[in-house]
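Working notes for the structure below.
Quick note: numbers below take in every heavy atom, side chains included, and nothing from hydrogens, waters or symmetry partners. Order of listing sets the numbers, starting from 1, for every ligand and every atom in it.
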Amino acid sequence: MTTARPQLTIDGLTAELMALAQISEAEPPIVTRVVFGEADLRARTYVKGLCEAAGLKVREDAIGNTFARWEGSDPTLAPIGTGSHIDAIPNAGLYDGCVGVLGGLEAIRVLQKFGFKPRRSIELVIFTAEEPTRFGIGCLGSRMMASVLTPQQALALRDKDGRGLEEWRAQAGFIGPLESVAVPRGRFHQFVELHIEQGPYLELEGIDVGLVTHIAAPASQRIAIEGEGGHAGGKLMPGRKDALAAAAELILALESAAKSTGAIDTVGTVGICDVFPGAVNSVPSRVLITTDVRDINRARRDGVLAALASAVEEVRTRRGVTITTDLINADPPTTCDPEILAALERSAIAAGKIYKRMVARAYHDSSFVSCIAPVAMLFIPCRGGVSHRPDEYASPEWIGSGVHVLSRTLAELAS
Ligand code: GLV
Ligand code: MN
Ligand code: MN
C-alpha cells in the first residue's frame, strides 16, 4: 500500500447495507429474500450496480453465482476470492451474508482508494442460495461450483409447491447449461469470507475479529410421517395413528440425542413442521418435519443421526405409522487453510485488532469452496449472538474492524 492516507469512514457501507435491507419480501426491518424471488433479483441488481460503479467486471454463471473482478496486473494468475451471499431466510436480519458481500466490496474499494495495485485479481463472489429456503438444500451455488451437487441432482430439486429449479432459474434469467457452473480446483488461488459470528462469544469476550479454523459439519433430512386422520371428537384415543404425535416424539428424540453427546458443539433442530390437514378438529394424518444436525466432529454428528434413525424405527413400530426419511445433505466439517489464517492474523495485528481463533457453527459457502481452493473465514461479533432474526445487529465499528482486517488480508494475498 502507498503511504497516502485517504479519509475512510464506514458510513457509505452502512448506508448500502441499510439500502439492501429495504429490498425484502417482508415489511422492513424484516428481511426475507428467497432465491430467485423478486426481492432476490432486485437485490442482485443493486449489488451488481455497486460493483460496476467500483470498476469491477461483473459476470454471472448459469445458477446465478455472480463474480465481480478487480483485474490484477498479472491476469494469468488465479484470483483471490472473497464474498458471501445476499439471500435471506424468512424473517431474517440484514447482516448475515450481506456483510461478507458489501464488506468484501468495501475492502476492495478501500484498497483502490489507497492506490493499491493487486498482482493477482481479486474476485468478489455473491453465491446463489446459501440459504436452503426454496429448494431445501443450503449453499446451492457454491455446492454446484464445487461439484458436490451434480447438475442431475440439481435438476431434481423442487420447491414446496413442486416447481423445479429449471423453472425458477429460467424465470430469473439464468439459462446456460448447469454443467458450466462447476469450476476446477485452482479456479481461485485462495478464498476468504467475512461473516457475522452468529453466536455470542466475540461480543462477550470483547474480541474484534474471529479467525475461523473449522466450519461445522451440517446434515439435514426431511421426515414424512403418514398416520390416519379423522374427526377429533369421533376418533377415540385407542388405536389412533396421529402423525403429529409421532412427529412430536421424533422432535424430542432429536433434542435428547443432540444434548446427550455432552459436547457443546452438537446441535439439533427441527425448524419445519407442516401438518395436514391443519384443522383444529381433525386428527393430523400427514406431517413433514425437517431435521438439522451439526457438529464440528463428524462422527459425533453421525451418532446423533443414528440415534434419530433408531427413534424413527421405534416410533414407526409402536404407533403403526408410515415414516419415510430423505437425507438432503450430510457434509463433512471444513478445516481452514493455515496460510490464509496466518495472513489474517498478521492483518489483525497490523490493524491493531483483538482477535482469537474459533470454530464456525453455522455453515457457509466457504465449506464448499474448500473443495476447490484453500479457504478461511473472518468473523465479526453480532449483538447477543442473535442471527436469523430481524433484530440481528452488528455495529458499524465491528463491521469496520472486519473490513479493515479483510482489506489488509486481500492486499497481502493478492500481492
Ligand atoms: C446458514 O445460514 C446456516 O443455516 O448455517
Ligand atoms: Mn443464514
Ligand atoms: Mn450466512
Side-chain angles (χ1 to χ4, degrees), residues 17 20-21 24-26 30-35 39-40 43 47 65 82-104 124-143 148 191-200 202 210 212 214-221 258 265-272 290-296 301 328-334 358-370 375-382 385-394 399 402 406:
L17 282 164
L20 183 53
S24 172
E25 292 170 33
I30 299 172
V31 181
T32 300
R33 277 194 300 267
V34 183
V35 67
D40 177 51
V47 174
N65 290 318
T82 189
S84 193
H85 62 99
I86 57 169
D87 65 320
I89 66 161
N91 204 43
L94 66 96
Y95 300 90
D96 176 6
C98 299
V99 160
V101 170
L102 293 180
L124 179 72
V125 188
I126 302 138
F127 294 100
T128 284
E130 191 264 0
E131 304 290 6
T133 313
R134 173 100 53 216
F135 298 111
I137 189 160
C139 300
L140 175 64
S142 51
R143 217 176 257 279
V148 175
F191 187 91
V192 55
E193 179 174 0
L194 172 66
H195 205 283
I196 57 168
E197 179 194 349
Q198 303 181 293
L202 292 176
V212 174
H214 295 87
I215 305 173
S220 55
Q221 59 185 331
D265 294 321
T266 321
V267 285
T269 306
V270 172
I272 292 179
T290 56
T291 61
D292 177 310
V293 185
R294 309 179 190 206
D295 202 313
I296 54 167
R301 191 271 320 269
I328 301 165
N329 63 289
D331 300 306
T334 303
M358 62 188 302
V359 302
R361 292 193 165 77
Y363 59 67
H364 297 282
D365 292 302
S366 287
S367 291
F368 297 94
V369 179
S370 78
V375 302
M377 292 189 72
L378 176 63
F379 274 180
I380 58 165
C382 57
V386 166
S387 185
H388 282 186
R389 273 173 33 186
D391 55 338
E392 179 179 87
Y393 177 74
I399 297 172
L406 179 65

- Which is it for Gln198 and ligand 1 at heavy atoms under 4.0 Å: side chain, backbone, both or neither? neither

- Message: Just verifying a value: how many Å separate Ser387 OG and Asp96 CG, rounded to the nearest 0.5 Å?
- Response: 4.5 Å

- Would His85 and His364 satisfy side chain to side chain contact (heavy atoms under 4.5 Å, CB included), going step by step from the backbone distance to the final call? CA-CA 9 Å; His85 62 99; His364 297 282; 5.8 Å; no

- Task: Flag yes if more than 12 heavy atoms outside Arg361 fall under 6.0 Å of its CZ atom; otherwise flag no.
- Result: yes

- Asp292 versus Thr269, side-chain donor and acceptor atoms under 3.5 Å: no

- Item | Contact check: His195 to the Mn ion (ligand 3), N/O/S below 2.8 Å | yes

- Note on the structure: Given a cut-off of 2.8 Å, the protein N, O or S atoms lying below it from the Mn ion (ligand 2) are Asp96 OD2, Glu131 OE2, His388 NE2

- Within 4.0 Å of some non-hydrogen atom of Ala362, the atoms of ligand 1 are 5 (O)

- Task: Heavy atoms only: give me the nearest Ala362-Ile215 pair and the separation to one decimal.
- Result: O-CG2, 3.6 Å

- Message: Closer than 4.0 Å to some heavy atom of Glu131 - which atoms of ligand 1 meet that?
- Response: 1 (C), 2 (O)

- Query: Closest approach of Ala39 and Ser24, non-hydrogen atoms and distance?
  - Reply: CB-C, 3.9 Å

- Message: Quick check: closest heavy atoms across Ser366 and Ala376, and the distance to 0.1 Å?
- Response: OG-O, 4.4 Å

- Region of His364 engaging ligand 1 - heavy atom pairs below 4.0 Å: neither

- Message: Using the side-chain contact (heavy atoms from CB on, under 4.5 Å) definition, which of the options Thr82, Ile380, Ile399 pairs with Leu194?
- Response: Ile380

- Do the rings of Phe379 and His195 sit parallel, tilted or perpendicular, given the 30° and 60° boundaries? tilted

- Any idea which atoms of ligand 1 are less than 4.0 Å away from a heavy-atom of His388? 2 (O), 4 (O)

- For Ile196 and Cys382, which heavy atoms make the closest approach, and how far apart are they? CB-CB, 4.1 Å

- Message: Closer than 4.0 Å to some heavy atom of Glu130 - which atoms of ligand 1 meet that?
- Response: 1 (C), 2 (O)

- Query: Taking N or O atoms only and a 3.5 Å limit, does Arg294 qualify as a polar contact for ligand 1?
  - Reply: yes

